[in-house]
There are 2 protein chains.
Amino acid sequence: MKNKTPTSDPTPPTADADAARDFDAAERRFLETYDATAFDRPSVTVDVVVLTVRDGELEVALVRRPDHPHKDRWSLPGGFIRLEESLHGAAARVLREKAGLSNVYLEQLYTFGEPGRDPRLRVISIAYVALVDPARLSAVDRAGQVLGRVEVPWRGETGGPVDIESSEGRPYDLAFDHADIVGMAVKRLRGKLDYTPIGFQLLPDAFTLRRLQTVHETVLGRSLNKDSFRRRMLASGLLEATGERETEVGHRPAELYRIIKRSAI
Amino acid sequence: MKNKTPTSDPTPPTADADAARDFDAAERRFLETYDATAFDRPSVTVDVVVLTVRDGELEVALVRRPDHPHKDRWSLPGGFIRLEESLHGAAARVLREKAGLSNVYLEQLYTFGEPGRDPRLRVISIAYVALVDPARLSAVDRAGQVLGRVEVPWRGETGGPVDIESSEGRPYDLAFDHADIVGMAVKRLRGKLDYTPIGFQLLPDAFTLRRLQTVHETVLGRSLNKDSFRRRMLASGLLEATGERETEVGHRPAELYRIIKRSAI
DNA sequence: TTAATAGTGTCTCTGAGACACTATGTG
DNA sequence: CACATAGTGTCTCAGAGACACTATTAA
């Protein structure tokens, strides 16, 4: 028998049937009498960074806060997590209720929980990122919602908060630490673009390679080599030609591509 | 003035001084009367995946659960978050109290919160990863703590739960969804190794390139090209030669290297 | 001396950038 | 026709793998 290290011996939790039965009974009794309110607990919310690329600009969906604290300030759509729903489910619900979107790419980003980030009480927020075709966002133009332009003050994947502006260049002073959350979303997205063509989530079902490149360039904040980009995308095996071409473009029309397995990303 | 889109007009939250004063008063009143217990709230914990590499094996620190539920089962060190501490602070405290470790590499991993992952009540757990030199772990050999060997049943960064075994090969059936959490930690770590030499966090301050390569190979679960590995590490600019060499090795001694900026990773 | 691993020099192969050239739409 | 962008072919350069060769220690 191999015994490489002097750590404590890991005896198994149970040995014979009687002991196991006693143990189960004790656990059952414990669960029945457990007082779920015995400890002070933080509040837990989800906040969703809904990102889109429109006209070569990276934009984020903002909602006006209807209540205190930070009433009337712009903020990320968010909400408290219900006890019976999963984290992902809560994010999807917030997206549906507050931004009128469903069936979009959604992934967990990071959890923010500094004491004092909310003046009311201790709030821990699990941030999610959603990527949406801008055509779907303008279809859901509703009161109290706006798209803010994301200005990234750092290069590459340095990280840090970003500046959010209106289309006229007026700064939006986001509520809470939401500018940090959007910054983290941009950092994450830039990282993913280096090894996946995830930008297609920001485009319609069929798109040209040029459009995909523009999306990548907008997110990355730098221009890319056209030839190399085409080669990489086609070599990834994730795109397939539709056989269709764009129309009415004033130059040679480009082939339209689609993603082979949307779920694979 | 540029007005590219038909979204709602983002008027600023305030206009003149009187309105601003009223607004502040309303917010202050709101904060004073807010009932922090008005909503059902989940419990929030941190769980820490303490990883180390010893003798070419990837290992994780486990503690025996002292209480129900899953009493006496092996699990990740964890604990409830206190209202006044940060998430990172809570993870560092758990590491100190339950594993006797401080001043180690620690980063947030992912947040797990499926309803039903804890039979007591709704528990949301923010998982952290810690990387430790194995010499520091065996120095903290304490009762009710053990190192489990991590067996990864998938290749690359596929992801999924992992199997944990004792050094004799007996499986540890971890409590809750902790096998999934460790799996996520391995996946994250493998991803990071592709573009950073983060493996040095699993080694003493001074180490040979061969040792670093072994650590990378153990985490990645595959062998690496020696020449290429050396070139990449030295080209990264993150390592510097100490001028010292290893001793008593039965062959030509290798140069010892150290990390230039430990905080930069 | 031999065994074993450290470390170097160099060739090849592959993928990215650069760039010239052809293709195909609109006005 | 001109113009603009799509898409291809090919050269070059940089990094990774492969491998031969030298260096240095313990036994």
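A, B, ... follow the sequence lines: proteins, then strands. Residue 1 opens every chain.
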Problem set entry | First-last contacting nucleotides on DNA chain D - partner chain B, under 4.0 angstrom, heavy atom | D:dA16 to D:dA26
Exercise. Are any side-chain N or O atoms of B:E240 and backbone N or O atoms of B:I259, one a donor and one an acceptor, separated by less than 3.5 Å?
Worked result: no
For this session: Mark yes or no for whether A:W154, through its side chain, and A:G160, through its backbone, hold a donor-acceptor pair below 3.5 Å.
Result: yes
SB check [X] [Y] (cutoff 4.0 Å):
X	Y	result
B:E59	B:R54	yes
A:E165	A:R149	yes
B:E107	B:R188	yes

For this session: Any chance you could lay out the side chain to side chain contact (heavy atoms under 4.5 Å, CB included) test for B:L137 and B:L101, step after step, and finish with the verdict?
Result: CA-CA 8 Å; B:L137 267 181; B:L101 290 166; 3.8 Å; yes
For this session: Kindly state which residues belonging to residues 227-234 of chain B come within less than 4.0 angstrom of DNA chain C, counting heavy atoms of the residue only, listed by number.
Result: B:D227, B:R230, B:R231
What integer distance in Å separates [X]:[atom1] from [N]:[atom2]?
X	N	atom1	atom2	result
A:N225	C:dG17	CG	P	5 Å
B:Q213	C:dA6	CD	C1'	12 Å
B:E246	C:dA6	CD	C1'	9 Å
A:R222	C:dA16	CZ	C1'	12 Å
B:R210	C:dA4	CZ	C1'	12 Å

Exercise. To the nearest 10 degrees, how far apart in direction are the end axes of the helix from C:dT1-D:dA27 to C:dG27-D:dC1, each fit to five base pairs?
Worked result: 0°
Problem set entry | Residues forming a side chain to side chain donor-acceptor pair (under 3.5 Å) with A:R230, sequence neighbours excluded | none
Exercise. If we ignore angles and hydrogens, is there a donor and acceptor under 3.5 Å between the side chains of B:E255 and B:Y257?
Worked result: no
Exercise. Do we see a donor-acceptor contact under 3.5 Å between the side chains of B:E168 and B:S166?
Worked result: yes
Seminar exercise, completed: Taken in chain and number order and not counting sequence neighbours, the residues that satisfy side chain to side chain contact (heavy atoms under 4.5 Å, CB included) with A:E217 are A:R210, A:Q213, A:S223, A:L224
Problem set entry | side chain to side chain contact (heavy atoms under 4.5 Å, CB included) partners of B:A254, counting only residues at least two apart | B:T208, B:E246
Seminar exercise, completed: Nearest-nucleotide check on DNA chain D, A:G250 vs A:K226; residue mapping nearer the 5' end is A:G250
